[in-house]
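Comments concern the structure below.
Quick note: residue numbers are just sequence positions, from 1. Predicted model only: the values in this text are computed from it and were never measured.
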Amino acid sequence: MLHEILLSLSGHSSPLLRNDHSGPAASALISPPERQLLDTAAHLSDLHCKLREKTHRISSSHPSAICRAVSTTVVSVHLAAFQRKIIEVEDSILRKDAALVGAYNIVPLTAVLGQFSGWTRRLEWLGELIEFMMAGAGREDQMPCEASKLIDRLRGELQTGYADVAETARSLLQVAETSWLKQVSAWVLYGRRPTVGTYDFFICEDKNEEHGYRINYDLLPSFVTPSTAGSMLFIGVSINRARTRAGTDLGVGSLDHLASQHQELAQLSSPFNGAMFSRVITNIRYTLSRTTLQKLLPLVRVLEILKVLREFFLIGRGEFAIALTQQADEKIRSRWRRADNLAYEKRDTLGTVVVKEGEVAAVLARTWAFLGSMQGQHADEDEALELARDLLRLHVSKSTETTTPAKGLDHSSNKFLEAIVTTSFQNFLFSVPVTLTLQIQSPLDLFLTQSDLQIYTTINSYLLSIRRAHLRLTDLWKITSLRRHHPPPPRAPYGNTKGGITKTRLLHERSSLRSSIMRSTWSTSSAAIFFFGETETYLQVEVVEGLWSHFYGWLTGTGESARVGEQQLFSSSFSTSGRTLPRQSTADGAMGKGMGMDIRPNHAASGPGSGSATEQEQKDDGDDDAHPNHDPQTLATAHRQYLAALTRRLLLTQPAFTTPLYDLLIQIDQLVALVHRLNTVWVAADLEADEGVVDAFANLDAEERDVRAQLRGVERRVKFGIENVIAALRTLSLDSAFAAEMEGEEGDLELDEEMGGDGDEDGDGGRRYRPRRIGGIDRLLMKLDFGGWFGDPAGDGSGGDVLA
């Protein structure tokens, strides 16, 4: 009987333990205590048999390599230990050990089964674990067990309170984490996904992603933070980029650091500590940056592309915005003139006014030609302009492109894009959605992503629409016939004759009448210019320039001196803004000072350390030791913090402000269009009255009355629009939620986690980037004081004559 029990416990089927002993015949042979002991042995035997059967099935067919490793460990370690225990009990019986064998060679069944009392709970726990690993196997509606869930369960089982279960869980957890670490090592050291067990590896191939890979956060164990996972993704992608990049010599000793990294990973002890694991991954990332990525993506390349983004996307180079606006307006006017002629000749509709992709690209090409002509014959070569000419593209975008997130977004970038308002500022340049984009070339995509570029595009459309409205208003003062007596009175001697005096009086009366008609228009336009000038000064000088100078100082390690030099350079650029553009008048130069335009004869860069790119490169080469060694992921994270602070400070996350501003910009366009139309009507009326040129198809008097009526309505709407925007600013200044968002502490903490640790220092000993805190909108509100203009009950704008 004892032999039969031991064989059954070893995993063999036995009728002694399988049969039901509750019948009357069995009760006469087996007492209730003996039956209870046999039931216990049968339970152990059944657990052992099922464990062997199910572990064999898992080890042979489960898609997860880590689950197969754990299953194999259950058989080779724990079931083997149970088998050895059976052999030990059998050996003790054969040796007639006093612990089991009593007098007259009697072996109590209680003593035998007492030897296996500690295995019941352990085998039951192993059975539950095996069932957990087999959950969903063979079912189409449920995925099989994944490594991350298994590791998390084993880590949780360490806290059960049973020493034997905790020890068993610790041994299985060591196998699971070691197998998982081997997969991670292949990725972070060689850039290769595991050849076996890719089913539950958290880095997946995805052709729709920007880098070709993405992170499945559901497959991450609990001790791995999202920032650590992002670092591992960056390391593998960087290694692949360095391996496949043609023409890049990484050196013979580029893999010498692998031994030390292997040793660092091998020193991790199970159960893995999240902070220790994150520190090891961060060290590997910085080692990769120092040994490989320094050659692949030097700091000089990063500064060049950031300078282009600052000058052309953030309107740091004022002449680019002016030239692009002028060329776009000229293109629109030419299209309307041609469409008008075609409609008159063919009696057709005006469908030919639609702007095409090629025409938009041609406008950008003429803008580059105009900027190149401004350099002069003996000016130094502007490498920033040449780089922008190669990389920047202007194209017509679909309406859905402005609201569709770019591919390859991480959690933080997606959150920032969702926070940005959906107001379509892209429509103002060509009356259709037009966006300025940049071609991200390798290896710049290691730190600059499509999501970052989408934020830059949104900011560019926002700032450019405000600059365009300001320019169009100031251009109204260039219409000579509206601002002066035109045509002039006749000269002597005809002017002294009776007919000349009559004509002079007629011209004077006509000019006085038109001046009185235009008085409210000029006062409204002056108020709008004042509003846009102060708003642009705040957005460009205090927000954009303040954040950029601080970010540039962090990049180069120059600190406060860079910001001081930047402000001096930016201030000196104001004094030259009036004589840079040939088509810009003195009045425009004065307005440019209020607009914060950066217009320089030699096209110096707008950032600190500006000058030619060659001089900057020589400076960087001479001061390599002074520059902090930021790895590309640290740069990317700091850059996203910079963009997040920029969007918040530019109020691009506040639809309560952008919506009335958008409506105001529309009214400004209507105001400018009506002024030009009224000028055209008056010019035609002067030709008819003075020269006898009559247009038989035009009723100039009726058209003038219609335009004047529309102009008065638009003036009121512009006034109300300015009042609404200022009211929105006042409301935001009193909003506690807005104040908390402007501080951005919560978002900064989320991005700090991506930097790979806590504290104010990054992994290379440099100071971690934190966006500079600049003045709030109260500084803007103090300047936007219109006195009693908004309280004028007549609504004719007479109170604004002081501003004219």
**Message:** With salt bridge (charged side-chain N to carboxylate O under 4.0 Å, His left out) as the criterion, how do Glu715 and Arg712 come out once you've worked through the C-alpha distance, each side chain's angles and the decisive distance to 0.1 Å?
**Reply:** CA-CA 5 Å; Glu715 289 171 11; Arg712 293 297 172 263; 2.9 Å; yes
Can you check whether [X] reaches [Y] side chain to side chain, under 4.5 Å on heavy atoms?
| X | Y | answer |
| --- | --- | --- |
| Val360 | Leu364 | no |
| Thr647 | Ile459 | yes |
| Lys307 | Arg310 | no |
| Thr435 | Leu394 | no |
| Val434 | His395 | no |
| Gln326 | Thr367 | no |
| Leu671 | Thr521 | yes |
| Leu371 | Phe320 | yes |

Which pair of non-hydrogen atoms, one from [X] and one from [Y], has the smallest distance, and what is that distance?
| X | Y | result |
| --- | --- | --- |
| Val714 | Gln667 | CG1-O, 3.5 Å |
| His470 | Ile529 | NE2-CG2, 3.7 Å |
| Ala528 | Ile722 | CA-CD1, 3.8 Å |
| Asn460 | Phe313 | ND2-O, 3.0 Å |
| Leu429 | Thr325 | CD1-CA, 4.3 Å |
| Gly776 | Arg649 | CA-NH1, 4.4 Å |

Roughly how far apart are [X] [atom1] and [Y] [atom2], rounded to 0.5 Å?
| X | Y | atom1 | atom2 | value |
| --- | --- | --- | --- | --- |
| Leu711 | Arg716 | CG | CZ | 10.0 Å |
| Leu387 | Glu311 | CG | CD | 10.0 Å |
| Leu463 | Glu536 | CG | CD | 8.0 Å |
| Phe657 | Thr423 | CZ | OG1 | 10.5 Å |
| Ile315 | Ile466 | CD1 | CD1 | 10.0 Å |
| Arg467 | Leu324 | CZ | CG | 11.5 Å |

Using residues 723-734 as the side-chain source, report each donor-acceptor pair under 3.5 Å to any protein atom, sequence neighbours left out, with the distance given to one decimal.
from   : atom 1 : to     : atom 2 : distance (Å)
Asn724 : ND2    : Phe720 : O      : 3.1
Thr731 : OG1    : Ala727 : O      : 2.9
Ser733 : OG     : Arg730 : O      : 2.6

**Aromatic ring proximity, centroids under 6.0 angstrom, Trp368 and Phe312** =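 Aromatic pair counts; centres sit under 6.0 Å.
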**Chi angles and distances behind the side chain to side chain contact (heavy atoms under 4.5 Å, CB included) call for Trp548, Leu309** = CA-CA 11 Å; Trp548 161 251; Leu309 292 171; over 6 Å; no
**Request:** Tell me, with the steps shown, if Glu542 and Thr537 meet side chain to side chain donor-acceptor pair (under 3.5 Å).
**Result:** CA-CA 7 Å; Glu542 295 197 23; Thr537 301; over 6 Å; no
Under 3.5 Å donor-acceptor, [X] side chain and [Y] backbone:
| X | Y | answer |
| --- | --- | --- |
| Thr659 | Ala656 | no |
| Ser523 | Ser520 | yes |
| Glu357 | Val396 | yes |
| Arg393 | Gln439 | no |

Could you tell me whether [X] and [Y] have a side-chain N and a carboxylate O separated by less than 4.0 Å?
| X | Y | result |
| --- | --- | --- |
| Asp475 | Lys478 | yes |
| Arg366 | Glu330 | no |
| Arg468 | Asp669 | yes |

**Request:** For Trp522 and Leu476, run side chain to side chain contact (heavy atoms under 4.5 Å, CB included): C-alpha distance rounded to whole Å, both residues' side-chain angles, the deciding distance at 0.1 Å, then the answer.
**Result:** CA-CA 9 Å; Trp522 293 126; Leu476 293 181; 3.9 Å; yes
**Message:** With no hydrogens and no angle check, just 3.5 Å: does a side-chain donor-acceptor pair link Gln710 and Asp706?
**Reply:**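 Checked: Gln710/Asp706 side chains pair up, N/O donor to acceptor below 3.5 Å.
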**Asked** Stepwise, does the side chain to side chain contact (heavy atoms under 4.5 Å, CB included) test hold for Leu385 with Val308?
**Response** CA-CA 8 Å; Leu385 179 61; Val308 169; over 6 Å; no
**Request:** Could you please spell out the steps behind the side chain to side chain contact (heavy atoms under 4.5 Å, CB included) verdict for Ser525 and Phe530?
**Result:** CA-CA 9 Å; Ser525 300; Phe530 173 74; over 6 Å; no
**Asked** How are the rings of Tyr462 and Phe425 set to each other: parallel, tilted or perpendicular (split at 30° and 60°)?
**Response**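 Ring orientation of Tyr462 relative to Phe425: perpendicular.
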